[in-house]
Amino acid sequence: MPEFFHPDRLQKLADLQALGADPYPARSPQERDRAATLSACFEQREGHTVTICGRVSGRRGYGKLAFLDVQDESGRIQACLQKDRLSADDFALLKVLNLGDFVAVTGELSKTKVGEITVFGDGDFTILTKALENPPEKWHGLADSELRARQRYVDLFSNPDVREDFLRRSAVITAMRRVFLEHNYHEVETPVLHPIYGGASARPFLTHHNSLDMTLYLRIAPELYLKRLLVGGIERVFEFARVFRNEGLSPRHNPEFTMVEFYQAYSDYQGMLALTEELVVAAARAAGLEGGDGSLKAMFREQEYDLTPPFARVRYADAFLEHTGIDLLDRQALADKMAEHEVAPADGGDYAWWKAVNELFERLVEPELPGPVFVTDYPAAICPLAKPSASDPVWAERFEFFLGGMELANAFSELNDPQLQLQKFEQQVADKDDPEAPNQVDWDYVRALAYGMPPAGGCGIGVDRLIMVLLGKDTIRDVLLFPHMRAEEGLGEAGEEVAGAQLSE
RNA sequence: GGGGGCAUAACUCAGUUGGUAGAGUAGUUGGCUUUUAACCAAUAAGUCCCAGGUUCGAGUCCUGGUGCCCUCACCA
């Protein structure tokens, strides 16, 4: 068992109690000022009595005088505690104060001799929370990337940039939500536990419901439930959905991640394209990427991306032709290329053929698409949930959005022909070679379509990856507050089977 | 899962050819009423990731394992 409770600090806590103080009072001062506000509005508040609350992040003591750095969410401000301006009891608290403790200081807002804005304590000085663990080194902060992720709470308070970045993530999501609401969308929540997994191709996590004795899957996408809502007559829906995919970890993959999916009746993939562009632009603004001239530029992996709209659009077939020199209708040239790259269709069927073509696309074309760019009109055979083009059913009304070398969004004119949908489901389920294919036909979804789903556009955006690009973070771990980690040794039962929480029995 | 790298005090890091485990910060004690990585003095603190092996002797060399990072594969 690691030592969480530092013996010296336990002694200080006892000393604090001996002074008659509560180390963990329930109440804080009713009114308090934020550090950033006091700095910004110093002229108006100078000479007035103010109160600050926060964590002590620095301390410079002089016997009868001490300077404290007090840190709240908004920033840092200095407090000065002097023996001749405080009660003897309050001044004695300095003796039992450690870095990392939370305090409240009431006093006059003024400046020191060297001009630093400072709260000169002359009213109440209280310890609001006694910390029993040492904060990290004050100059370097917490640097070890594993510790930063495992103990994000420490990372957040000891590295101000980290806190700033996560608040920017929050602002980005708020901005996207605002765009949806401006377009009269409704925010909904759909199940996370799915009896049949679908709406994407990925391996699921399994779980088990004890009293129903049934296997359930953590959702890999909310898509099929959101479209049921279109059937039900809710015309514009979105969900910021945590989804779970049972695949390897990497700088771009976490087993659970956030997608925002949205569906709009009486729209189509072109409508989704326009809205996606609007969302990305709003997100970029919220991330603070707007330059003085109104342009939006993101730096990601040492490359600059211009997010000033409109973004480029290119048809799938045109992009393929441009980067490989091959016409997608030229089967012989494609077959030659497949042989060259050791890509082989699983069988003679259309589905297998186009899957192989798409593998070429991912290998040869996608790396040439740094973005931002919309690739439109995908082969219909590999789009089981997209509506084929009326003018040429080889192509589906679908686009993907690429940025920073990653696929960030995927959208279609939603397939609403129940018979065609059933056929596509059956085809997928029959693909035994694909471990990511759905486990069974989602009959209820087919039935829902049978009642009629209005023509609609739908789209899913990978929120974490979008934020990676906007904040210039190389790894997804840096945009997730608590990225998945293996169980830490020596911390107790984490990772062990807990009675009542088994998958089965 | 394959390949490469890292693991030393609470934190940031040194550690020579294999020869008694080190510094700074944080902590503790004392001094100091305008500092800001305050300063001065004293002091405490280690499963050198784990388990084996080689050796008179291992933080250091070898084998195996664990965790993390990078990379490839799969994926968003």
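It should be emphasised that the depicted structure is a prediction, and the values quoted were computed from it without experimental measurement. Below, chain A is the first sequence line, B the second, and so on; all start at residue 1.
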### Message
Determine whether A:V280 and A:F311 satisfy the following criterion, side chain to side chain contact (heavy atoms under 4.5 Å, CB included), listing intermediate values before the conclusion.
### Response
CA-CA 10 Å; A:V280 171; A:F311 304 154; 3.9 Å; yes
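Residue contacts shown for A:T475 are limited to sugar-phosphate atoms, with no base heavy atom under 4.0 Å away. No engagement by A:N246 is indicated, since no non-hydrogen atom pair under 4.0 Å with the nucleic acid exists. A:N410 comes within 4.0 angstrom of nothing in the nucleic acid, heavy atoms only.
We find that CZ of A:R55 is positioned 15 Å from C1' of B:rA26, with the value rounded to whole Å. A:K355 places its NZ atom 12 Å from the C1' atom of B:rC74, with the value rounded to the nearest Å. For the pair A:L81 CG and B:rC32 P, the interatomic distance rounds to 17 Å; values are reported in whole Å. For the pair A:D144 CG and B:rG67 C1', the computed distance is 11 Å after rounding to whole Å. The separation between A:D122 atom CG and B:rU33 atom C1' is 15 Å, rounded to whole Å. Straight-line distance from the CD1 atom of A:I476 to the C1' atom of B:rC70: 17 Å, rounded to whole Å. A:E366 places its CD atom 12 Å from the P atom of B:rC74, with the value rounded to the nearest Å. At whole-Å resolution of the value, CG in A:N134 and P in B:rG27 are 7 Å apart.
A:Q151 and A:D155 are not linked by any side-chain donor-acceptor pair at a separation below 3.5 angstrom, with hydrogens and angles left out of the test. A donor-acceptor contact closer than 3.5 angstrom links the side chains of A:Y263 and A:E261. Checking A:N358 against A:Y378 by side-chain atom types alone, no donor-acceptor pair falls below 3.5 Å.
Distances were taken from every side-chain heavy atom of A:L147 (C-beta onward) to each of B:rA26, B:rC11, B:rU28; the shortest belongs to B:rC11. When each of B:rU12, B:rA10, B:rU33 is scored by its nearest atom to the side-chain atoms of A:D84, the top-ranked nucleotide is B:rU33. The A:K12 side chain lies nearest to B:rU28 when the options are B:rU28, B:rC70, B:rC11.
RNA chain B is contacted by both A:L142 and A:N254; A:L142 maps to the nucleotide lying nearer its 5′ end (nearest heavy atom per residue). Between A:M485 and A:D464, the residue anchored nearer the 5' end of RNA chain B, judged by the nucleotide with its closest heavy atom, is A:M485.
Only the P atoms considered, B:rA23 is 41 Å distant from B:rG1, to the nearest whole Å. Distance noted for atom C1' between B:rA37 and B:rG24: 11 Å (whole Å). Atom P of B:rA7 sits at a distance of 11 Å from the matching atom of B:rC13, rounded to the whole Å. A gap of 44 Å separates the C1' atoms of B:rU29 and B:rG65, to the nearest Å. Separation of the C1' atoms belonging to B:rU16 and B:rA21 is 14 Å when rounded to the nearest angstrom. For the P atoms, the distance linking B:rG53 with B:rA45 amounts to 31 Å, nearest Å. A gap of 28 Å separates the C1' atoms of B:rC50 and B:rA44, to the nearest Å. Between the C1' atoms of B:rC69 and B:rC49, the separation comes to 16 Å (whole Å).
Across every strand in view, B:rG46 sits unpaired, with no contact that passes the Watson-Crick or G-U test at under 3.5 angstrom. Pairing for B:rA73 is absent, judged as Watson-Crick or G-U wobble with the two contacts each under 3.5 Å. Base-pair partner of B:rU66: B:rA7 (Watson-Crick or G-U wobble, both distances under 3.5 Å). Here B:rC61 sits opposite B:rG53 as a Watson-Crick or G-U wobble pair (both hydrogen-bonding atom distances under 3.5 Å).
Using a 4.0 Å cut-off, some side-chain N or O of A:K95 falls inside it from OP1 or OP2 of B:rG30. Dashed line: the shortest gap from a side-chain N or O of A:R477 to OP1 or OP2 of B:rC68 is not under 4.0 Å. For the pair A:N98 and B:rU28, the criterion of a side-chain N or O lying under 4.0 Å from OP1 or OP2 is met.
Applying the salt bridge (charged side-chain N to carboxylate O under 4.0 Å, His left out) criterion to A:R85, with sequence neighbours excluded, gives A:E108, A:D122. Residues satisfying the side chain to side chain contact (heavy atoms under 4.5 Å, CB included) criterion with A:E304, sequence neighbours excluded, are A:K297, A:M299. Not counting sequence neighbours, the partners of A:K130 by the salt bridge (charged side-chain N to carboxylate O under 4.0 Å, His left out) test are A:D101. Residues that satisfy the salt bridge (charged side-chain N to carboxylate O under 4.0 Å, His left out) test with A:E164, not counting sequence neighbours, are absent from this structure.
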Quiz: residues 72-81 of chain A side-chain donor-acceptor pairs under 3.5 angstrom, not counting sequence neighbours:
unit_1: A:D72; atom_1: OD1; unit_2: A:S74; atom_2: N; d: 2.8
unit_1: A:D72; atom_1: OD1; unit_2: A:S74; atom_2: OG; d: 2.7
unit_1: A:D72; atom_1: OD1; unit_2: A:G75; atom_2: N; d: 3.1
unit_1: A:D72; atom_1: OD2; unit_2: A:A35; atom_2: N; d: 2.9
unit_1: A:S74; atom_1: OG; unit_2: A:A35; atom_2: N; d: 3.3
unit_1: A:S74; atom_1: OG; unit_2: A:A36; atom_2: N; d: 2.9
unit_1: A:R76; atom_1: NH1; unit_2: A:D69; atom_2: OD1; d: 2.3
unit_1: A:R76; atom_1: NH1; unit_2: A:D69; atom_2: OD2; d: 3.4
unit_1: A:R76; atom_1: NH2; unit_2: A:E116; atom_2: OE2; d: 2.5
unit_1: A:Q78; atom_1: OE1; unit_2: A:R60; atom_2: NH2; d: 2.8
unit_1: A:Q78; atom_1: NE2; unit_2: A:T118; atom_2: OG1; d: 3.0

### Task
Would you give a per-nucleotide map of nucleotides 34-46 of chain B, 5' to 3', where B means the base has a protein non-hydrogen atom under 4.0 Å away, S means only the sugar-phosphate does, and - means neither?
BBBBB--------
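Below 30°, between 30° and 60°, or above 60°: for A:F300 and A:Y305 the angle between ring planes is between 30° and 60°, a tilted geometry.
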